[in-house]
Amino acid sequence: MRYSQMFLPTGREIPADAEIISHQLMIRAGLIRKLTSGIYSYLPLGYRVIRNVERIIREEMNKAGAQEVHLPMVQPIELWQESGRSEHYGTLLLKFLDRNKHQYCLGPTHEEVITDLVRNDVKTYRQLPLNLYQIQTKFRDELRPRFGLMRCREFGMKDAYSFDVDEAGAEKSYARMFAAYKNIFRRCGLRFRPVEADSGSIGGKYSHEFLVMADAGEDAMVFCDKCDYAANLEKAEVAAPEKKNIVGESFLPLESVHTPDVRTIEEVCSFLQIQPQQIVKTLIFAADGQAIAVLIRGDQEVNEIKVKNYLGVSEIALADDDMIFKATGAPRGFAGAVKIKCRVLADYSVMNMINFVTGANQEDYHLKNVNIGRDCSVESFADLRVVEENDVCPRCGGAIQFARGIEVGHVFKLGTKYSKAMKALYLDRDGREKIMIMGCYGIGIGRTAAASVEQNHDENGIIWPMPLAPYQVIITPVNVNEQSVMAAADNIYQSLSALNIDVILDDRDERAGVKFKDADLIGIPVRITVGQKNLASGNVEIRIRKTAVTSLCALDKVAAEVHQIIKEELDAASGQD
RNA sequence: CGGGGCGUAGCGCAGCCUGGUAGCGCGCUUGCUUUGGGAGCAAGAUGUCGCAGGUUCAAAUCCUGCCGCCCCGACCA
């Protein structure tokens with residue numbers, strides 16, 4: 001393609017509303033433009049990158065035995081009522097009426113549609129297993145879209161759904177997708193890590209997220225130095241401590257102290273001259289509307305997701321003042337387990353504590369020397385807190401590290417959540433009706449491209465890994481008015497095109513510096529500079545964007561040389577699992 | 001939804017406090033010079049100052065309401 005013909009608006013200025021580097025560069029490099037909050041247009045260069053991601057996904061999905069379908073984006077609300085997610089998905093669902101006042105929604109995901117499709121046409125174990133996928137535009141009315149393609153409302157997604165006759169089959173499908181995902185992201189040139197994750201509102205038994213390592217990522221992860229344990233921060237386990245034998249003699253007498261207007265951990269510490277580790281924090285949660293107290297050591301944080309999963313409830317949030325008062329008889333800031341009027345759970349961090357401080361369930365009073373067993377009781381001890389720096393790996397006891405990542409893929413083992421609710425049944429070998437076992441597997445397309453930019457850039461712009469590059473080569477004739485230069489550039493252009501290489505010929509009548517800057521900004525992996533001086537000795541210059549290494553190459557060898565460079569880059573990225 | 005910020009030329013911004021001819025840089029157009037890392041000079045074009053009311057002789061500027069966008073939080077595959 002001739003640059004002068006391309007719709008490729010590049011910009012020097014950093015757009016004011018772009019916070020992270022990938023967002024800034026994708027706009028500056030003319031890949032995307034925002035239409036409105038969380039909704040973007042892909043320009044020609046951006047769309048070529050998207051199509052490259054999609055191509056890699058298609059190849060690996062097909063190789064893994066999945067078949068491509070294309071499901072509707074507009075879905076009748078009844079399907080969502082049937083699965084029970086119409087309520088639960090809440091405001092993320094964009095609902096609207098047609099002319100007959102029939103309610104529809106824009107598909108934020110397609111479990112319902114695919115389950116409906118399969119239940120109608122799959123009747124016997126002979127038709128299973130089945131894995132169907134699509135690449136579709138999804139719409140989720142995000143509370144807060146942000147960071148360009150990172151969190152959009154409208155976004156491209158590959159979603160796959162597997163249907164199996166039994167657990168063993170479902171495991172196999174899951175493992176196959178897991179392996180395919182590793183291949184996909186490796187081929188995209190990303191540094192990533194699969195981590196254990198919470199399955200959230202989609203439900204299911206367990207799941208893994210594929211996180212691309214990047215400081216701008218919205219997810220925090222924990223991983224072990226020694227073994228391959230890695231988990232999303234919200235999922236990361238804390239090993240249960242050993243239960244110490246506490247003898248009653250060490251208990252000091254319970255004491256009530258006047259603590260006027262002393263509420264927070266810091267205030268209690270400075271007022272009583274103690275450390276947070278001597279306090280037991282009592283948080284009151286509303287779990288599906290019921291008050292639940294959670295005890296935790298004063299210096300640590302409750303992980304609400306762990307509490308939610310432990311209780312098996314669908315909604316959890318910190319209680320409001322009203323509920324706190326009903327449970328404790330006191331305003332916020334003075335809760336404690338002694339004589340509290342609700343269920344009490346405790347994090348492991350509290351298990352071996354004695355003579356601790358808590359709120360007194362009475363305004364302006366705290367209790368000293370509280371002891372579980374003597375003064376209050378706990379329904380059970382469990383892992384309910386957020387993992388922290390000093391913790392060790394729950395699997396092997398090794399040291400753990402923290403990192404941030406961008407969630408580009410998520411695989412879920414759904415079990416029968418949807419197949420049961422929507423009656424996706426089949427007849428087994430013995431003629432008995434059984435429920436299909438499902439899995440679902442998503443990849444954010446635009447987010448994958450953005451993650452790549454986040455990982456591969458420098459101060460001059462994007463550095464596309466070869467497999468995602470919108471064009472693999474850019475030819476830069478230094479002076480288009482010099483006939484010999486243009487003729488040579490044209491010649492190389494023809495040779496490379498003949499080898500099926502995607503190449504831009506920068507035929508603009510611009511100064512060399514401008515063209516170099518644009519080539520760097522848009523991140524084309526290989527640049528061939530054609531200048532008068534080198535041409536005089538029959539040479540052109542090959543420059544590698546990533547390394548900035550520049551070498552001279554004879555005119556008649558340049559096509560073969562560049563072809564080889566591209567092949568090596570692609571091969572290096574495509575090691576399979 | 002709570003808190004904060006912003007809305008002026010395609011992009012980045014000043015002007016607003018203290019009302020009185022709408023500006024700067026980049027980009028764009030034309031010409032001349034220049035030509036290996038975002039050139040120089042000259043001449044140009046481009047605005048419902050987010051929208052709607054109000055105050056005033058006069059509103060980008062003051063007041064009220066609304067809309068949009070961004071950030072933090074809450075929430076979320």
Side-chain angles (χ1 to χ4, degrees), chain A residues 9-20 23-24 27-28 30 33-39 85 88-93 107-111 138-148 150-153 155-159 197-204 207-211 218-219 232 234 304-305 308 315-318 320 406-412 414 440-447 459-461 476-482 485 506 508-522 527-535 540-541 543 545 548 550 552:
Chain A
T10 58
R12 196 195 305 219
E13 310 269 6
I14 297 171
D17 57 2
E19 195 78 1
I20 63 171
H23 187 193
Q24 295 171 356
I27 290 170
R28 286 188 52 211
R33 287 292 182 265
K34 181 171 70 187
L35 178 63
T36 184
S37 178
I39 300 182
R85 285 209 293 182
H88 193 239
Y89 231 84
T91 51
L92 276 182
L93 261 190
T109 176
H110 284 72
E111 282 81 13
K138 310 286 193 196
F139 193 94
R140 296 181 186 172
D141 199 358
E142 288 286 344
L143 298 164
R144 187 142 102 82
R146 57 182 135 186
F147 301 149
M150 209 72 96
R151 179 168 294 274
C152 286
R153 296 197 291 169
F155 61 101
M157 181 174 174
K158 186 284 303 177
D159 47 326
D198 185 69
S199 50
S201 75
I202 205 157
S207 77
H208 287 86
E209 286 172 343
F210 286 77
L211 298 186
E218 293 186 286
D219 288 87
N232 191 303
E234 64 186 29
E304 290 190 17
I305 290 167
K308 181 180 164 189
E315 293 284 343
I316 195 157
L318 280 171
D320 58 22
I406 299 163
E407 181 193 354
V408 290
H410 203 154
V411 293
F412 299 85
L414 290 177
C440 76
Y441 318 93
I443 292 178
I445 311 273
R447 200 184 263 191
E459 66 280 5
N460 293 314
T476 308
V478 165
N479 184 348
V480 296
N481 298 314
E482 194 61 47
V485 168
D506 193 348
R508 294 175 301 166
D509 186 7
E510 287 284 356
R511 297 168 64 86
V514 172
K515 299 202 209 185
F516 293 154
K517 286 289 183 189
D518 273 334
D520 284 353
L521 177 61
I522 65 178
R527 187 180 87 205
I528 301 172
T529 312
V530 184
Q532 219 167 345
K533 279 180 209 145
N534 288 321
L535 206 53
V540 295
E541 213 174 83
R543 183 185 166 96
R545 173 70 178 89
T550 305
L552 283 183

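Note on naming: letters A, B, ... go to the chains in the order of the sequence lines (proteins, then strands), and numbering restarts at 1 for each one.
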Of the nucleotides [options], which one has an atom closest to the side chain of [X]?
X	options	value
Asp518(A)	rG37(B), rU34(B), rG38(B)	rG38(B)
Lys517(A)	rC72(B), rG38(B), rU34(B)	rG38(B)
Arg12(A)	rC26(B), rG36(B), rC72(B)	rC26(B)
Lys34(A)	rC70(B), rG68(B), rG38(B)	rC70(B)
Arg28(A)	rG38(B), rG12(B), rC69(B)	rG38(B)
Ser37(A)	rG38(B), rC71(B), rC69(B)	rC69(B)
Asp520(A)	rG37(B), rC75(B), rG36(B)	rG37(B)
Glu13(A)	rC11(B), rA77(B), rG38(B)	rC11(B)
Arg543(A)	rA77(B), rC75(B), rG37(B)	rG37(B)
Phe155(A)	rU35(B), rC71(B), rA77(B)	rA77(B)

Fill in: Partner nucleotide of rU35(B) by Watson-Crick or wobble geometry (both distances under 3.5 Å)
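None - no nucleotide pairs with rU35(B), as no candidate has both distances under 3.5 Å.
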Item to complete: If rG44(B) has a Watson-Crick or G-U wobble mate with both distances under 3.5 Å, name it; if not, just say none.
Response: rC28(B)
Discussion item. Run the salt bridge (Lys or Arg N to Asp or Glu O under 4.0 Å) test on Asp17(A) and Lys34(A) for me, step by step, so that the C-alpha distance in whole Å, both residues' side-chain angles and the decisive distance to 0.1 Å come before the verdict.
Written reply: CA-CA 10 Å; Asp17(A) 57 2; Lys34(A) 181 171 70 187; 2.9 Å; yes
Nearest whole Å is fine: how far is [N] [atom2] from [X] [atom1]?
X	N	atom1	atom2	result
Asn481(A)	rU34(B)	CG	C1'	12 Å
Leu521(A)	rC11(B)	CG	C1'	14 Å
Asp141(A)	rC76(B)	CG	P	15 Å
Asp17(A)	rG10(B)	CG	P	16 Å

Discussion item. Can you check the distance between rU55(B) and rG15(B), where both ends of the measurement are the P atom (answer in whole Å)?
Written reply: 29 Å
Discussion item. Roughly how many Å apart are rG4(B) and rG23(B), using the C1' atom of each and rounding to a whole number?
Written reply: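 Going atom to atom, C1' in each nucleotide, I get 29 Å.
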Worksheet item: Taking the six-membered ring of Phe516(A), is the NZ or CZ of Arg527(A) close enough (under 6.0 Å from the centre) and on axis enough (within 45°)?
Response: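 Judged by the rule, Arg527(A) and Phe516(A) form a cation-pi pair.
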Worksheet item: Checking all strands, does Asp159(A) fall into the base, sugar-phosphate, or nothing category for heavy-atom contacts under 4.0 angstrom?
Response: nothing
Discussion item. Under 4.0 Å, counting only non-hydrogen atoms across every strand here, what does Leu143(A) touch: a base, just sugar-phosphate, or nothing?
Written reply: base
Practice prompt. Give a yes/no answer on whether the side chain of Arg144(A) brings an N or O atom under 4.0 Å of OP1 or OP2 in rC71(B).
Written response: yes
Discussion item. Taking 4.0 Å as the cut-off, does a side-chain nitrogen or oxygen of Thr476(A) come that near to OP1 or OP2 on rG36(B)?
Written reply: no
Worksheet item: Closer to the 5' end of RNA chain B via nearest nucleotide, is it Gly513(A) or Ala16(A)?
Response: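 Taking each residue's closest nucleotide, the earlier one in sequence belongs to Ala16(A).
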Worksheet item: Starting at the 5' end of RNA chain B and moving along, which residue's nearest nucleotide shows up first, His410(A) or Ile14(A)?
Response: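 Comparing both residues, the 5'-ward one is Ile14(A).
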